[in-house]
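Just so it is clear: chains get the letters A, B, ... in the order the sequence lines come, proteins before strands, and each one is counted from 1. Predicted, not measured: the structure shown is a model, and the values here were computed from it.
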Protein chains: 2
Amino acid sequence: MTDGPGFGNTLVYLSLLIQRRYAQICADHDLTTAQAQLLCTVKDQPRGMGELSQLLGLAKPGLSGLVDRTERRGLVQRVASDRDRRACTVISTPLGKEVGNALYADVAARLPDIFGHLPAADRRVLEELVAGVPTDCGD
Amino acid sequence: MTDGPGFGNTLVYLSLLIQRRYAQICADHDLTTAQAQLLCTVKDQPRGMGELSQLLGLAKPGLSGLVDRTERRGLVQRVASDRDRRACTVISTPLGKEVGNALYADVAARLPDIFGHLPAADRRVLEELVAGVPTDCGD
DNA sequence: TACTTTGGTTCGTGCCACGAACTTTACTGG
DNA sequence: CCAGTAAAGTTCGTGGCACGAACCAAAGTA
């Protein structure tokens with residue numbers, strides 16, 4: 001109650017702003033946010049489907065389709081596991097790495113504009129607070 | 001460059017966590033995030049389609065469909081404007097208001113958990129910084 | 001060798017959102 | 001008063017996204 005009408009709701013609003021800007025940046029790189037997310041997850045390290053499912057918070061069919069579409073664009077690739085013949089690992093193609101890195105850099109450069117109204121000191125504080133968010137998402 | 005690998009990217013990650021939690025809360029109220037967003041925008045004040053298009057960052061067809069689906073669920077309603085016979089205004093039904101308020105409260109209650117790891121003082125600081133985000137989104 | 005579990009895919013459904021084309025009404029200028 | 005243009009929304013077709021249910025094949029186990 002002391003939260004008043006809403007820290008939570010303000011957070012939602014903020015996340016919408018971020019998502020909108022992010023989607024715009026992704027679009028500039030000819031990516032959807034979902035594909036961008038997949039690409040960045042796989043860019044520096046191969047991942048199994050199950051792992052990705054976990055990391056991206058998707059059910060299996062959703063992920064399967066996402067990988068399909070992203071693979072069709074030549075950004076990622078399924079490779080068979082020699083450990084387990086039914087499993088496959090998703091890796092990034094050279095093109096995918098390139099695009100992923102460019103996107104990453106662009107996001108770092110353009111997205112913080114959202115907080116352009118904040119003095120540098122405040123931004124630093126914010127940065128630190130936000131950085132502390134748990135890497136392991138609460139499902 | 002002093003941002004290191006990424007304030008921007010951390011923000012994106014944060015926004016994903018928020019969106020995921022938010023989607024979960026919306027689902028608990030039998031809503032999609034898009035419908036929830038529409039509902040909350042209209043809940044306390046009628047809005048024209050153009051205005052909504054602006055506020056939600058959607059093109060006209062997308063909004064039209066969203067209103068269709070939400071109207072079909074009895075949460076909002078199109079009413080004709082007497083000013084302009086081609087325009088219509090979207091208002092919330094009583095059910096919509098009820099659902100919207102419940103959602104709003106639930107979001108306020110459950111979403112800040114994401115920052116459960118922060119001491120109260122830090123959370124307060126964060127709250128203040130976040131609250132300062134411009135209401136007018138940068139298109 | 002049978003039984004169960006697990007990794008992924010396919011299928012059908014529904015939401016979401018876009019551009020293009022269209023209809024209706026409002027607003028001009030002559 | 002009657003064009004012609006502009007604006008508000010809708011419809012249509014397309015495509016991405018993501019879910020549950022059903023399925024197949026390989027792996028593990030009794």
Side-chain angles (χ1 to χ4, degrees), chain A residues 16 19-24 26-39 41-42 46-91 139, chain B residues 16 19-24 26-39 41-42 46-73 75-91 137 139:
Chain A
L16 285 177
Q19 287 293 312
R20 227 178 271 181
R21 180 88 88 215
Y22 182 55
Q24 182 57 58
C26 287
D28 290 348
H29 292 256
D30 203 18
L31 286 172
T32 65
T33 61
Q35 289 177 16
Q37 213 52 36
L38 170 62
L39 191 51
T41 308
V42 153
R47 305 274 192 179
M49 294 295 274
E51 205 177 352
L52 284 174
S53 181
Q54 174 88 17
L55 288 170
L56 302 179
L58 297 178
K60 305 252 214 79
L63 178 60
S64 216
L66 179 58
V67 171
D68 282 350
R69 290 184 295 270
T70 313
E71 191 170 26
R72 220 173 290 143
R73 298 198 181 178
L75 300 173
V76 302
Q77 203 174 341
R78 283 177 172 93
V79 300
S81 162
D82 42 354
R83 298 299 240 158
D84 185 335
R85 272 168 48 197
R86 64 209 151 135
C88 69
T89 305
V90 181
I91 65 172
D139 289 69
Chain B
L16 284 177
Q19 287 292 315
R20 224 177 273 182
R21 180 88 88 213
Y22 182 55
Q24 182 56 58
C26 287
D28 289 349
H29 292 255
D30 204 16
L31 287 172
T32 65
T33 61
Q35 291 178 15
Q37 213 53 36
L38 170 62
L39 190 52
T41 308
V42 152
R47 305 276 192 178
M49 294 293 275
E51 204 176 352
L52 284 173
S53 181
Q54 175 87 19
L55 288 170
L56 302 179
L58 297 179
K60 304 255 215 74
L63 178 60
S64 217
L66 179 57
V67 172
D68 282 350
R69 290 183 296 271
T70 314
E71 192 170 25
R72 218 173 291 142
R73 297 196 181 180
L75 300 173
V76 301
Q77 203 173 341
R78 282 176 172 94
V79 300
S81 162
D82 42 355
R83 296 298 237 163
D84 185 335
R85 272 169 48 201
R86 54 206 160 138
C88 69
T89 305
V90 181
I91 65 170
C137 78
D139 288 66

Rounded interatomic separation in angstrom, taking CG from B:Leu31 and P from C:dG14
18 Å
Protein proximity profile, nucleotides 23-30 of chain D - base contact B, sugar-phosphate-only contact S, no contact -, cut-off 4.0 Å on heavy atoms
---BS---
If we check side chain to side chain contact (heavy atoms under 4.5 Å, CB included) with B:Val76, which of these qualifies: B:Ile91, B:Leu66, B:Val90?
B:Val90
Name of the residue among A:Leu31, A:Leu52, A:Leu56, A:Leu58 meeting side chain to side chain contact (heavy atoms under 4.5 Å, CB included) with A:Gln37
A:Leu56
Report the distance from atom CG of A:Asp84 to atom OG1 of A:Thr89, rounding to the nearest 0.5 Å.
9.5 Å
How long is the straight-line distance from CZ of A:Arg73 back to CD of A:Gln35, given to the nearest 0.5 Å?
4.0 Å
NA contact type, B:Gly65, heavy-atom cut-off 4.0 Å: base, sugar-phosphate, or nothing?
nothing
Looking across every strand, which nucleic acid part, if any, lies under 4.0 Å from B:Leu66 by heavy atom: base, sugar-phosphate, or nothing?
sugar-phosphate
For B:Arg78 and A:Gly62, find the nucleotide of DNA chain D closest to each by heavy atoms; which residue's nucleotide sits nearer the 5' end?
B:Arg78
Kindly say if A:Thr32 contacts the phosphate of D:dG16, meaning a side-chain N or O under 4.0 Å from OP1 or OP2.
no
Answer yes or no: does a side-chain N or O of B:Arg69 lie under 4.0 Å from OP1 or OP2 of C:dG14?
no
Should we count CG of B:Asp68 as having more than 12 external heavy atoms under 6.0 Å?
yes
Rounded to the nearest 0.5 Å, what separation is found between the CD atom of A:Gln54 and the CD atom of A:Glu51?
9.0 Å
